[in-house]
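Below is one structure, written out as structure tokens, with a few remarks after it.
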Amino acid sequence: MKQLIIQGGKKLYGSIAISGSKNASLPILAASLLIDEIIILRNIPNVKDILTMKTLLESIGKKIEFNILKNEIKIYPTKIKKLEALYSLVKTMRAGVLVLGPLIAKYNFARVSLPGGCAIGSRPVDLHIEALKKMGAKIKIEKGYIVAEASKKLKPAKIKFSSISVGATENLIMAATLCKGKTIIQNIAIEPEILDLINFLNCSGAKISFVSKRSIVIEGVDKLRGINYSVIPDRIEAGTYAVAALITNGKITLNKINREMMSNIFQILKKAGAKIVFGKNNSVTISRKIIKPTKIKTMPYPGFPTDMQAQLMSLLCLSKGSSLIKEEIFENRFLHVSELKRMGANIKITNQSANITGIVNLNGAEVMATDLRASVSLVLAGLAAKGTTIINRIYHLERGYENLVSKLKQCGAKIVLKNV
């Protein structure tokens, strides 16, 4: 078992290069199942979820080389061995379900384990299944697996999601790419990671176009070609390190960001007291004087992302006043609250809302991580706290943050990864 041990109370100064987006890389990797030519993917983060997806694709039959030093993945055309995503491979990663759409689109069959990942709510796959059924797939749930079959190729359809879902949007886009005819998908998620998937597919020869803000038309093509493609930077990682600067009252320059896709995050951080100065070459410098109380609710993009909610909560624990966070995306994403309370935070939960009364100082304590973003919220709290913070179950962090410890250390953090 691994622990993070943090000696808090030190202001962070320095610069951090932002890694490629995990949440953009995963669906693009899944989309490689649609392509029979060599693919080169650049700016891929070396995190556990990527390694798990690599292993999953290899189990299906892909030949993959991951140059960790270059953050580059090469995927070679090979004969597919089995159209299955085993539970043992996807139990820790929800993105495993994203091979469902590509497999049934190209091979007319898929057997995919119901997904795992973070314990932040049910996150059902009903939307994925119902949409694929409209495209002609026959689907049943059998012993914890989604078994999908199409007697011939999928057929085009008009699909309107009853609610906005990132995963269902990604799965259906990939499924429709090789479907002859025009598929219309309405009420889609438009997160930057989805736009990156669409851009990747279009660069590979797909024909996907927007007809309104949340509606796309996909004209199916016979095949896609291999390409050399660079994934977008990770906006959630950048937002996390921005909070690290704010919560420690330091000053950090973030390099390799995308300013436009982070505007919703920067807007809220400004309300919370951040001073944000944009520089050349896609950089931004974050600092502050005081932490201001803020009221926000998480919403689908372009609203404030649920993946930044826990980090913002840690910051607002030290604001001068009362703050309110409403979680509108997942029904069980306040698991970090009890751990922040162990550090002295004053937080009350009512239904899906967290009322946060600011305090002068957090205090170091031994805490336990419950999911990826909750884990990093405890790291942020530990950086600001008086004394020593010990964080257990940090494997969640390894799923989504590349070189977290070294990046924080280079800004002066006293943080150690320890095997116990």
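Please read all numbers here as calculations on a predicted model, not as lab measurements.
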Could you name each residue pair satisfying ring-ring contact (aromatic ring centres under 6.0 Å, His included) that touches residues 4-28, not counting sequence neighbours?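 Qualifying pairs, neighbours excluded: none.
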Can you pull out every ring-ring contact (aromatic ring centres under 6.0 Å, His included) where at least one residue sits in residues 243-285? Sequence neighbours excluded, please. Phe266-Phe278
Short question: side chain of [X], backbone of [Y] - any donor-acceptor pair under 3.5 Å?
| X | Y | answer |
| --- | --- | --- |
| Ser209 | Lys207 | no |
| Ser375 | Ile394 | no |
| Arg342 | Val367 | no |
| Thr169 | Ala189 | yes |
| Asn43 | Ser230 | no |
| Lys271 | Ile296 | no |
| Gln410 | Ser15 | yes |
| Asn392 | Met368 | no |
| Arg214 | Ile188 | yes |
| Glu402 | Asn46 | yes |

Does the side chain of Glu327 pick up a donor-acceptor pair with the side chain of Thr298 at under 3.5 Å? yes
Side chain to side chain donor-acceptor pair (under 3.5 Å) partners of Ser212, counting only residues at least two apart: Ser215
Of all residues at least two apart in sequence or in a different chain, which pass the side chain to side chain donor-acceptor pair (under 3.5 Å) check with Ser406? none
Which atom pair, heavy atoms only, marks the closest approach of [X] to [Y]?
| X | Y | value |
| --- | --- | --- |
| Ser353 | Leu324 | CB-CD1, 3.9 Å |
| Ile232 | Pro192 | CD1-O, 3.7 Å |
| Pro45 | Asn71 | CA-ND2, 4.0 Å |
| Gly382 | Thr389 | CA-OG1, 3.5 Å |
| Val112 | Val97 | CG1-CA, 4.0 Å |
| Ile44 | Ser25 | CD1-OG, 3.5 Å |

When rounded to the nearest 0.5 angstrom, what distance separates [atom1] in [X] from [atom2] in [Y]?
| X | Y | atom1 | atom2 | answer |
| --- | --- | --- | --- | --- |
| Leu315 | Leu380 | CG | CG | 8.5 Å |
| Ile5 | Ile390 | CD1 | CD1 | 5.5 Å |
| Ser165 | Ile329 | OG | CD1 | 10.5 Å |
| Ile73 | Ile39 | CD1 | CD1 | 10.5 Å |
| Ile252 | Cys411 | CD1 | SG | 4.5 Å |
| Tyr229 | Ile40 | OH | CD1 | 15.0 Å |

Within-4.5 Å side-chain heavy-atom neighbours: [X] and [Y]:
| X | Y | value |
| --- | --- | --- |
| Ser32 | Leu57 | yes |
| Pro293 | Ser319 | yes |
| Leu408 | Val379 | yes |
| Ile227 | Ile35 | no |
| Ser314 | Met343 | no |
| Leu269 | Arg288 | no |
| Arg42 | Lys70 | no |
| Ile173 | Ile194 | yes |

For [X], which residues count as a side-chain contact (heavy atoms from CB on, under 4.5 Å) partner, sequence neighbours excluded?
| X | answer |
| --- | --- |
| Lys10 | Lys414 |
| Asp36 | Lys106, Tyr107 |
| Lys341 | Val337, Ile347 |
| Ser338 | none |

Scan residues 184-201 for pairs that pass salt bridge (Lys or Arg N to Asp or Glu O under 4.0 Å), counting only residues two or more places apart or in two chains.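 Qualifying pairs: Glu193-Arg235.
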With a 4.0 Å cut-off on N to O distance, would you call Glu58 and Lys54 a salt bridge? yes
Heavy atoms from other residues, nucleotides or ligands near OH of Tyr301 exceed 12 (cutoff 6.0 Å): yes
Kindly write out the residues that satisfy salt bridge (charged side-chain N to carboxylate O under 4.0 Å, His left out) with Glu65, not counting sequence neighbours, or none if the list is empty. none
Can you list the residues that meet the salt bridge (charged side-chain N to carboxylate O under 4.0 Å, His left out) rule with Arg111, with sequence neighbours excluded? Glu84
Might you work through the side-chain contact (heavy atoms from CB on, under 4.5 Å) test for Cys317 and Ile356, ending with a clear yes or no? CA-CA 6 Å; Cys317 286; Ile356 307 150; 4.2 Å; yes
Residue pair Phe210, Leu195: steps toward the side-chain contact (heavy atoms from CB on, under 4.5 Å) verdict: CA-CA 10 Å; Phe210 276 83; Leu195 301 186; 3.6 Å; yes
Going through the distances and angles, do Leu318 and Ile359 end up as a side-chain contact (heavy atoms from CB on, under 4.5 Å)? CA-CA 5 Å; Leu318 298 176; Ile359 58 176; 4.2 Å; yes
How far apart are the C-alpha atoms of Gln309 and Arg373, what are their side-chain angles, what is the distance that settles it, and do they pass the side-chain contact (heavy atoms from CB on, under 4.5 Å) test? CA-CA 8 Å; Gln309 176 255 108; Arg373 307 307 173 184; over 6 Å; no
With side-chain hydrogen bond (donor to acceptor under 3.5 Å, both in side chains) as the rule and sequence neighbours excluded, what pairs involving residues 236-264 come up?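 The answer is Glu237-Lys407, Thr240-Gln311, Thr240-Tyr401, Thr253-Thr285.
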